[in-house]
Amino acid sequence: MTDLEERFQQASRDVQVLPERPDNDTLLRLYACYKQATEGDVHGEKPGFFDFVGSAKYEAWTRMKGVDQEEAKQRYIDLVAQLRR
């Protein structure tokens, strides 16, 4: 396992024990970075109009399209580090 992968795995554990729950925009950024880091570009059909949460997640992930998976891991790590302060 690479150093980046180890730090990413640690950040994914750290996010579960943050001192405060992040706001919705930050949660969407965390989700999008995590999905891009683990699955790459968005795939599948966009959720229906009335699936507000699913649509928001899909749109957030779509904005990460084209970001390299390693870059997405680093962004996730950095965001979690900011939230832990």
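Below, each value reflects all heavy atoms present in this structure, side chains not excepted, and no hydrogens, waters or symmetry copies.
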Smallest heavy-atom separation, Ala60 atom then Leu28 atom, equals CB-O, 3.8 Å

Name all pairs fulfilling the ring pair (Phe, Tyr, Trp, His ring centres under 6.0 Å) condition that reach into residues 57-85, sequence neighbours left out, sorted by first residue then second. Phe8-Tyr76, Tyr34-Tyr76, His43-Trp61

CG of Leu83 to CZ of Arg21, rounded to nearest 0.5 Å, is 12.0 Å

Between the side chains of Asp78 and Gln74, does any donor sit under 3.5 Å from an acceptor? yes

Crowded around Glu70 CD? As in, over 12 foreign heavy atoms under 6.0 Å? no

Working to the nearest 0.5 angstrom, can you tell me the gap between Lys73 NZ and Gln9 CD? 7.5 Å

Could you check Arg7 against Gln10 for side chain to side chain donor-acceptor pair (under 3.5 Å), going step by step and ending with a plain yes or no? CA-CA 5 Å; Arg7 291 185 297 121; Gln10 184 61 50; over 6 Å; no

Rounded to the nearest 0.5 angstrom, the OG1-NZ distance for Thr62 and Lys35 is 11.5 Å

Can you tell me how far CZ of Arg63 sits from CZ of Arg29, rounded to the nearest 0.5 angstrom? 10.5 Å

Give me the atom names and distance for the closest heavy-atom approach of Gln69 to Ala37. NE2-O, 3.0 Å

Check for a donor-acceptor pair, side chain of Ser55 on one end and backbone N or O of Gly48 on the other, with a separation under 3.5 Å. yes

Asp41 and Gly66 have their tightest heavy-atom pair at OD1-N, 2.7 Å

In terms of heavy-atom contacts, Gln36 and Lys65 come closest through OE1-N, 4.3 Å

In Å, rounded to the nearest 0.5 Å, how long is the span from CZ of Arg84 to CG of Asp14? 4.0 Å

Is any side-chain heavy atom of Leu79 less than 4.5 Å from a side-chain heavy atom of Val15? no

How long is the span from the CG atom in Leu18 to the CG atom in Leu30, to the nearest 0.5 Å? 7.5 Å

So Val67 and Arg75, do their side chains get closer than 4.5 Å, heavy atoms only? yes

